[in-house]
Q: 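Questions regarding the structure given below will be posed in turn.
Quick caveat: nothing in here was measured; it's all calculated off a predicted structure. In what follows, every chain begins at residue 1, and chains take the letters A, B, ... in the order their sequences are listed.
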Amino acid sequence: MGKTLAEKIIGMNAGKEVSAGEIVIANVTAALVQDGTGPLAVKQLQKLNLEKAAHPDKTVLFLDHSAPASRKELANDHMTLRQFADKTGAQLSDVGNGICHTVVNEDYINPGDLLIGADSHTCTGGALCAFSTGMGSTDVAIGMALGKTWLRVPETYRVNVTGDFPVGVYPKDLILYLIGMIGADGATYKALEFGGPTIDKMDMEGRFTLSNMAVEAGAKAGLIASDKVTRDYLKKWKRVNKWQEIYPDPDADYEKIIDIDVRQLKPTVSYPHTVDNTREIEQAVSDNVKVHQVFLGTCTNSRLSDWAIFAGIVKGKKPAPGVRVIAVPGSKKVEAELMKHGYLQTVMEFGAMILPPGCGPCVGVHGGILGDNENVIATQNRNFRGRMGNPEGNIYLASPATVAASALTGYISDPREFSRILKPLGTIPDPVKLTRAKAAKKTAATKKKAKKAVKKVAKKAVKKAKKKAAKKATKKKAAKKTTVKKKTAKKKR
Amino acid sequence: MQITGKAHKFGDDISTDHIAPGRLFHLRSNLPELAKHVLEDADPNFAKNVQPGDFVVGGNNFGLGSSREHAPTIIKLAGVGAVMAKTFARIFFRNAINVGLPVLVCDTDKINAGDQLTVDLSEGVVNNLTTGDRLTFSPLPDAMIKILNDGGLVAHIEKHGDFKLD
Ligand code: SF4
């Protein structure tokens, strides 16, 4: 029987063939903790007198959830992690560097890795075909110190995705739709494996959004094959040498197969207070849901393409009166890209508050806590009661496009109304290519100008030369005349 | 091992945000203080009312959400004898075992708020002294029983110096 991606990758790290249902001890090739879970992990290792990292170069401590620290207790927690990094040689991703799941993909993990993270959305790394899963502080502490962990090899639900996305519909809508369909516990203990022609075509950023939310259906991992798209992504971050092709076997044994044709999808919104409480946008629009706060950010949707979509809709406009807009780049690297492409400026001019790269208001620690009975529409991944700091606030989840449209109107709105601006997903200009094209155009224009200038100069020079020559000729003639005159005069004499 | 106590009933989808809310992030390194707020966003009076040995009884998907181990830790610190639910979220379940908090999968529809229960962990039985019902719960995987019996994962590693699950 063939192997699923989960079986393949866990097998690679267990050093043997494994099958679903088996409990195995596997090597941990990368580990992460964040400022909410890391201090407890460190304490557990101190109890065991085991303060070390088996792979310090791929053990990463993130200060992202309360960054910069909002209280002295949290600043002290940060110190615990700084000291642990000093002591063990583990990597510290400091305040302002970005969200763990964004940075770990940009800088650390590769196809075939086994990443355990003390954060539930560690499953984001599955898009890079690493077996990435969230665990608690103690599990991750032991895993990073010993370089191994125990795992039950999960059964897999294969999600086959076909069709091209309609205008205004995005990977975020696809994953919200899936969770709405199977429920918040629809894949508990299972691995989700996304594939099919739509996924083959999807860029890494869209894939991250899908894998990120696997845990919202209870899944242990959200895996995607390592293909050419994966390779290009690693190339972008200068480690193409770490790429390897990994596909599930065609005869892999799936517990369930779910087929989705994205052509029938609508923009989708999760209503409070569970992620599977989804509605199609028409319903949300007719519900007249007032929006007090808008939030673009989090490990789900805070990368370049998310900002490109948001900026495309809000460019040159202002938020509806009474709407406050918070936007947070996923990482320092994303922020730099946003500056380069002008999206940061566009969103700022629109009137958004830009917070430093990190989790921002997502987890209710600081910055952007809701008032009683206030509504926020956000690009984040969960909307549990109290998630954003106030159990009396309401969180609606949607794509960057729906969030942008809602910022303009002050009510949850259909992004397809802005379809003059939007283009089908497949044809959204790749910002990188776009700049390259722009740059190429610019160079061509400069070259043309330069050529013209050279021609002009040359022409001028020729003209000048001709003039000079003509002048010389007249002078010569005149001189000749004078000589002749002189000669005749001489003769006369 | 037998535990006796009162049932505190909760609904479906009790998340780790209900159990240990993010707004109390700053108390994460002060667990006894955080335990005073346990399950606050699901039942503001729970921490005041809970007695040692009592049970938290949930519905489906108990403990969904974040990986914060603080959630099962403060339930244990509050004196809870075991958590029962129809289903558990994966990370919470594993964390609970790691911190030595028994988690039992059983049909909790047969338990009402305030019922007096006795749980026999080794026999896998819940006796409802109030209604007379006898519920069985699914046994844990062997690996988890070993960790739980050692008193949690830290104790397990302390004892064996490594994973010793077979
Ligand atoms: S952005 Fe939100 S969901 Fe993502 S890691 Fe941070 S707090 Fe968790």
Q: Answer with side chain, backbone, both or neither: which region of R387(A) has an atom nearer than 4.5 Å to a non-hydrogen atom of chain B?
A: both
Q: With a 4.5 Å heavy-atom cut-off, do R68(B) and V363(A) have their side chains touching?
A: yes
Q: Listed by residue number, which members of residues 56-67 of chain B have a heavy atom under 4.5 Å from any heavy atom of chain A?
A: N60(B), N61(B), L64(B), G65(B), S66(B), S67(B)
Q: Search all heavy atoms of I23(A) against all heavy atoms of P141(B) and return the closest pair with its distance.
A: CD1-CB, 4.3 Å
Q: Testing T37(A), V140(A), T138(A) one by one against E69(B) for a side chain to side chain contact (heavy atoms under 4.5 Å, CB included), which residue passes?
A: T138(A)
Q: Quick check on side chain to side chain contact (heavy atoms under 4.5 Å, CB included): which of N49(A), L48(A), L50(A) does E158(B) satisfy it with?
A: L48(A)
Q: Within the supplied structure, the quantity of interest is the number of heavy atoms (other residues, nucleotides, ligands) at a distance under 6.0 Å from M181(A) CE; does it exceed 12?
A: yes
Q: Do you know which of T87(B), V154(B), L165(B) has the most heavy-atom pairs under 4.5 Å to chain A?
A: V154(B)
Q: Pick from L24(B), D162(B), D13(B), D166(B): which one has the most heavy-atom pairs with chain A under 4.5 Å?
A: D162(B)
Q: Look at R382(A) together with D17(B) and state whether they make a salt bridge at an N to O cut-off of under 4.0 Å.
A: no
Q: So which part of K43(A) gets closer than 4.5 Å to some heavy atom of chain B, the side chain, the backbone, both or neither?
A: side chain
Q: Identify which part of D77(A) has an atom lying under 4.5 Å from any heavy atom of chain B, answering side chain, backbone, both or neither.
A: side chain
Q: Between T274(A) and chain B, which part of the residue has a heavy atom less than 4.5 Å away: side chain, backbone, both or neither?
A: side chain
Q: Using a heavy-atom distance cut-off of less than 4.5 Å, which residues of residues 90-124 of chain B contact chain A?
A: R90(B), I91(B), F93(B), R94(B), N95(B), N98(B)
Q: Decide if atom NZ of K52(A) counts as having more than 12 heavy atoms of other residues, nucleotides or ligands within a radius under 6.0 Å.
A: no
Q: Please flag which part of T188(A) lies under 4.5 Å from any non-hydrogen atom of chain B: side chain, backbone, both or neither.
A: side chain
Q: Under a 4.5 Å heavy-atom cut-off, does chain B meet the side chain of R385(A), its backbone, both or neither?
A: both
Q: How many angstroms lie between NE2 in H366(A) and CZ in F25(B), if you round to the nearest 0.5 Å?
A: 8.5 Å
Q: If you define the side chain from C-beta out and look only at heavy atoms, does anything of T16(B) sit under 4.5 Å from F384(A)?
A: no
Q: Can you tell me which portion of S70(A) sits under 4.5 Å from chain B's heavy atoms? Options are side chain, backbone, both or neither.
A: neither
Q: Hey, mind stepping through L40(A) and H70(B) against side chain to side chain contact (heavy atoms under 4.5 Å, CB included) and telling me if it holds?
A: CA-CA 8 Å; L40(A) 179 56; H70(B) 314 73; 3.9 Å; yes
Q: As an exercise: rank D139(A), I25(A), V215(A), D185(A) by heavy-atom pairs under 4.5 Å with chain B and give me the winner.
A: D139(A)
Q: Please classify the contact of I14(B) with chain A as side chain, backbone, both or neither, using a heavy-atom distance under 4.5 Å.
A: neither
Q: For the atom pair CZ (R23(B)) and CD1 (I369(A)), what is the distance rounded to the nearest 0.5 Å?
A: 9.5 Å
Q: Heavy-atom pairs under 4.5 Å with chain B: which of H273(A), K220(A), Q44(A) has the most?
A: K220(A)
Q: Heavy-atom pairs under 4.5 Å with chain A are the metric here; pick the option from S29(B), A89(B), A42(B) that has the most.
A: S29(B)
Q: Quick check for you: to the nearest 0.5 Å, what is the distance between W150(A) atom CH2 and K146(B) atom NZ?
A: 11.5 Å
Q: Need one label for P72(B): side chain, backbone, both or neither, based on atoms under 4.5 Å from any heavy atom in chain A.
A: neither
